[in-house]
Amino acid sequence: MEVDRRAFLATLGVGTVGMMSHEDRAEALEHHMMEELDKAISPLPPKPTATPEQQDGPRAPRGTGRLFLPREEPFEPMPAKPTLLDFFEKRFAPANHVLQSATYALKTGQPEQTIIACLLHDVVLNLIKVDHGWWGAQLVEPNVDERVSWAIRYHAPLRFYPDDEVGYEYPEMYNRMFGEDYVPEPYIEQAYKYARAHSWYMDARLVTLNDKYAFDPDAVVSIDSFVDIIGRHFKQPKEGLGFDNSPSAHMWRTIANPDRPL
Ligand SMILES: [Fe+2]
Ligand SMILES: [Fe+2]
């Protein structure tokens, strides 16, 4: 997918770019690409975003999840015992980016654990964008194999580090958008070094590899292809996601009810 540099920079706001760390800018670029992708291919109405008037005035912090941006439509009600599929349908849709990355993993015969990791790797962006690898892992940790949440956590720092052996190059787009002097923050580098030396390294690396194929405006994808894999690899609580008292139940409840005042 082509990214219009000027349009992207405009989303960040006048005067903001110089104040952002390189890490912030790289994050912002990825989120911008996902939003543009959804707009380009979604059969659904685009997710509400700030109006032009709002963009010139005060704005929500950039780390705000999509569900917390200004919107005109009310949220679709969730069923009493929501499943992961309900969340995909009513809160994450159209979710083209994660569906495309999981579809690529499926079509290229990758392990089901990689496919489920790809399917879930960025869904937390609906809740919060800051440090999304860590939040994303925490969200699904009670429901998936430890290696799946591990892969989701470390895909975020690994994005910034090439690995010639598996054909993962540093994203050219980061050079074009931000210049070539980008240096990840120390905590990112630390996390990268830890993951690089870990025996599960490839689990997370595969998520970054499949990420590369997940910005195609012509791809046609659907959650239907993953219903069985979700059944095998995502422990669905019988009480419904958000109501099983798991360590991340509150996160699911927040995604279900972004409008609650307290
Ligand atoms: Fe990501
Ligand atoms: Fe991604």
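Whatever order the structure lists them in is the order used to number ligands and atoms, beginning at 1. Keep in mind that this is a model prediction, so the values were computed, not measured. Note: hydrogens, waters and symmetry copies are ignored here, and every other heavy atom, side chains too, is used.
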Notebook entry, point to check: Will you find, in the side chains of His233 and Asn143, an N or O donor that is under 3.5 Å from an N or O acceptor?
Noted result: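 Side chains of His233 and Asn143: no pair found under 3.5 Å.
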Checklist line | Donor-acceptor contact present, side-chain Asn126 to main-chain Val123, <3.5 Å | finding: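 At least one qualifying donor-acceptor pair exists.
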Checklist line | Cation-aromatic face contact Arg196/Tyr161, 6.0 Å, 45 degrees | finding: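 Cation-pi check for Arg196 and Tyr161: fails.
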Margin query: Tell me whether the NZ or CZ atom of Arg71 lies within the 45° cone about the ring axis of Phe68 and under 6.0 Å from its centre.
Written below: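 Negative - Arg71 is either too far from the ring of Phe68 or too far off its axis.
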Check: Between Tyr154 and Tyr192, does the ring centroid distance fall short of 6.0 Å?
Finding: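 Ring-ring flag for Tyr154/Tyr192: false, centres at least 6.0 Å apart.
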Next item on the list: Identify, with sequence neighbours excluded, every residue that meets side chain to side chain donor-acceptor pair (under 3.5 Å) alongside Asp163.
Entry: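 For Asp163 the side chain to side chain donor-acceptor pair (under 3.5 Å) partners, ignoring immediate neighbours, are Tyr201.
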Next item on the list: Sort by chain and number the protein N/O/S atoms found under 2.8 Å from the Fe ion (ligand 1).
Entry: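 Result, waters dropped: Asp122 OD1, His132 NE2, His155 NE2.
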